[in-house]
Amino acid sequence: MRPSSHALFGNRTGMLLVGLVMLTGCGPIGSPPFEPSGSPQQASDSNPIKSLAEASPADPPSIDSSNRRSDSPVAISMQFEPDQPRAGEPFVVSLNLQIAAPFEIQAVGEPPPKIATQLEMLLPDGFTAPAAWETPLASRSFAADGHSVYQGTVTFRRTVHPHESVAPGSYMIRCRVRFQACDERRCLRPEEPLLERAVQIQPAA
Amino acid sequence: MRKQLGFLLAAGLLAGGGNSVPADPPATPMIASELSAPIQLQADGHVIDHGVAWGHCSPAMLDLNGDGIRDLAVGDFSGKIRYYVNRGTDSEPSFADADLIQGGGKPAEVWIYCCIGAQPRFHDLDGDQELDMLVNSYDPGHCYLFRGIEKSAQKASGPIAFAEREELLDKVGVPVRSAPIQEQTYQSFGSFFDAVDWDADGDLDLVIGCFDGGLKVRFNEGNAQQPVFASENVTIEIAGEPLKVAAHLCPVVADWDQDGMWDIVAGSDDGSVTWFRNIGKTGTPEFAAGQTLVGKHDGNGYNIVYWPGDPVVPGIRSQPEVVDFNRDGKLDLLVGDFYTAFDFRKDLNDADRATVTQLIEETKRSGEAFKSRMEKLREDFARRYPGDEIYSEQADREWQIAYKELQESPEAKQMNQAGATFVSKLRPFLNSMRSDGDASHDLPQSHGHVWLYLRK
């Protein structure tokens, strides 16, 4: 159904930083059962992102989220806590969304026709995330219907478990965030950025 | 971003923020004296209601199946167009829900996720003697053409079918839209289209209704068989000022006063319908100031309280059609709408109703303090940053800080707490709800009807 002739991000990609630069100098050591920087697998996810094949006019961009795209009111960053976890020890992935006023984004779980915020985590082999995302408290929209939204700065968290057999090295954590920013009068085009950041796994204790 | 902030502040659109508690039952909108009171069109014996699709109905009436009797097409928020076949007569229609109109072998569809409904308009744009279907879109706000298919190619008993969707381009290959050169991707969002031979040169030009309430025309520099659209729009004015409605101008070209000159009948975000009489000459139309055919909806259109049996009145986001509905020689008005309303249990007694009413009033009061602070904030910014200063980095920074403080204020917390209480207390009085969520907007049901205003 989407207009095929319109490229959503065609004029934006130049502004995006691809997270691969963060892998520099982070090669794996040894030959463990799970190799670093392999093909990601999708985490068990209680809030799977829906296919945007019909809703998004172009492939979503991959971004390192410390920068806000110039024409998006939402800046996203990804952090790890601890920053350099050990194999076999869980760490928390945090997605920090800064939503510029007067925009707000629809809360997770908002029923249609609202386009709810959705999160998807893509993990390398040997990493699992059995628990769901911890979502921030939603507030009430300033729009006339008062639906549930996130405003200002909000953080989503999810715990990731690297298997103890994971070899030390750099592994790419990817998170896709689908959201739609609206103000009181209009909604902007839904966005689906893919965030990437390498986590440095230390040897198991 | 900064422009958006400035727009919101300057227009005062944030003033009503947070007001999501039920409104009083809306009063019947003012209607022109020449019109009868509105009635809801029915299909299969039931009131047409596109609430499942989040309403925003946009009707068109014409013979779609070639039986010589006019049928009904209704676009809505889904971006699709539903076909209601007329099982009655041309002067006494009786509609039955048939199917979705097809385009290229699948439901004809445009991209809509905010604020307007798909508006189908039917014209022979390419001169092949087959009616084509023009449909607007919210995103990207472009105009889409579903070409008519030869009758022989239609299946006799199948759905109403058009060719696959095409995007209308101008002579330099840019999609026809309200802002030919866009600084922002959303600049043309929420546009509407109709067609008329504006300059009387024998081909159809495009009329563009804009999200901001303005009206533009895109001239056809080709001919009736091969349209070639100019690369610029012409903004339509009245006495040197832009022709405008409140917002979301949804245009229909029709000779409303039947003086031989086509006019513009325009729907609006606020639910009103305005007639702009063409007082120009053939080929050089000019327009008189708008005359209200239907007044704006009383309220914001959300969370309306209708007790069981209460008369329903037209909502917001009016999308009109002009047609001689009953073949009496006078043009009538069809208007699609949208609103949300609570579905109260039918067995509520007077005490229940009093409880609900009190709950509503308390919740309203709890939001007044927040609303007042928001209004003062807006006024303060408008005073300190007059004109284009509102677009400055400093204004942007200050606004974000003030906005955050407001969100975290006791007034905001009070309002949010009251909202949660409101939901838990109101839920037992409801027959059905939109969803199982615990926010106030999860309670009301959405609706979209087609209203008939017969000309007296």
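So that the names make sense, note that chain A is the first sequence line, chain B the second, and so on, each numbered from 1. Hydrogens, waters and symmetry mates play no part in the numbers below; they use all other heavy atoms, side chains included.
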Open item on the list: I'd like to know if the side chain of B/Y186 and the backbone of A/R189 have a donor-acceptor N/O pair within less than 3.5 Å.
Closed with: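 No, the answer is negative, given that no donor and acceptor are paired below the 3.5 Å cut-off.
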Task: Donor-acceptor under 3.5 Å (B/Y138 side chain, A/C187 main chain) - done: yes
[atom1]/[X] to [atom2]/[Y] distance, rounded to the nearest 0.5 angstrom?
X: B/L406; Y: A/Q151; atom1: CG; atom2: CD; value: 9.5 Å
X: B/H441; Y: A/E110; atom1: NE2; atom2: CD; value: 3.5 Å
X: A/L188; Y: B/T185; atom1: CG; atom2: OG1; value: 7.0 Å
X: B/Y302; Y: A/H147; atom1: OH; atom2: NE2; value: 9.0 Å

TODO: Flag yes if more than 12 heavy atoms outside A/Q202 fall under 6.0 Å of its CD atom; otherwise flag no.
DONE: yes
Open item on the list: Using every non-hydrogen atom in the two residues, find where B/R434 and A/P112 come nearest and quote the distance to one decimal.
Closed with: NH2-O, 3.2 Å
TODO: Return each pair, listed once, that meets ring-ring contact (aromatic ring centres under 6.0 Å, His included) where at least one residue sits in residues 80-100 of chain A; pairs must be two or more places apart or across chains.
DONE: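 Listed by first then second residue: A/F80-A/F91.
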Task: Proximity breakdown for B/D436 and chain A, heavy-atom pairs closer than 4.5 Å - done: neither
Task: Heavy-atom contact with chain A under 4.5 Å, split by part of B/S435 - done: side chain
Task: Heavy-atom pair count under 4.5 Å with chain B, highest-scoring of A/A138, A/S148, A/G152, A/S139 - done: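 So the answer, after comparing A/A138, A/S148, A/G152, A/S139, is A/S148.
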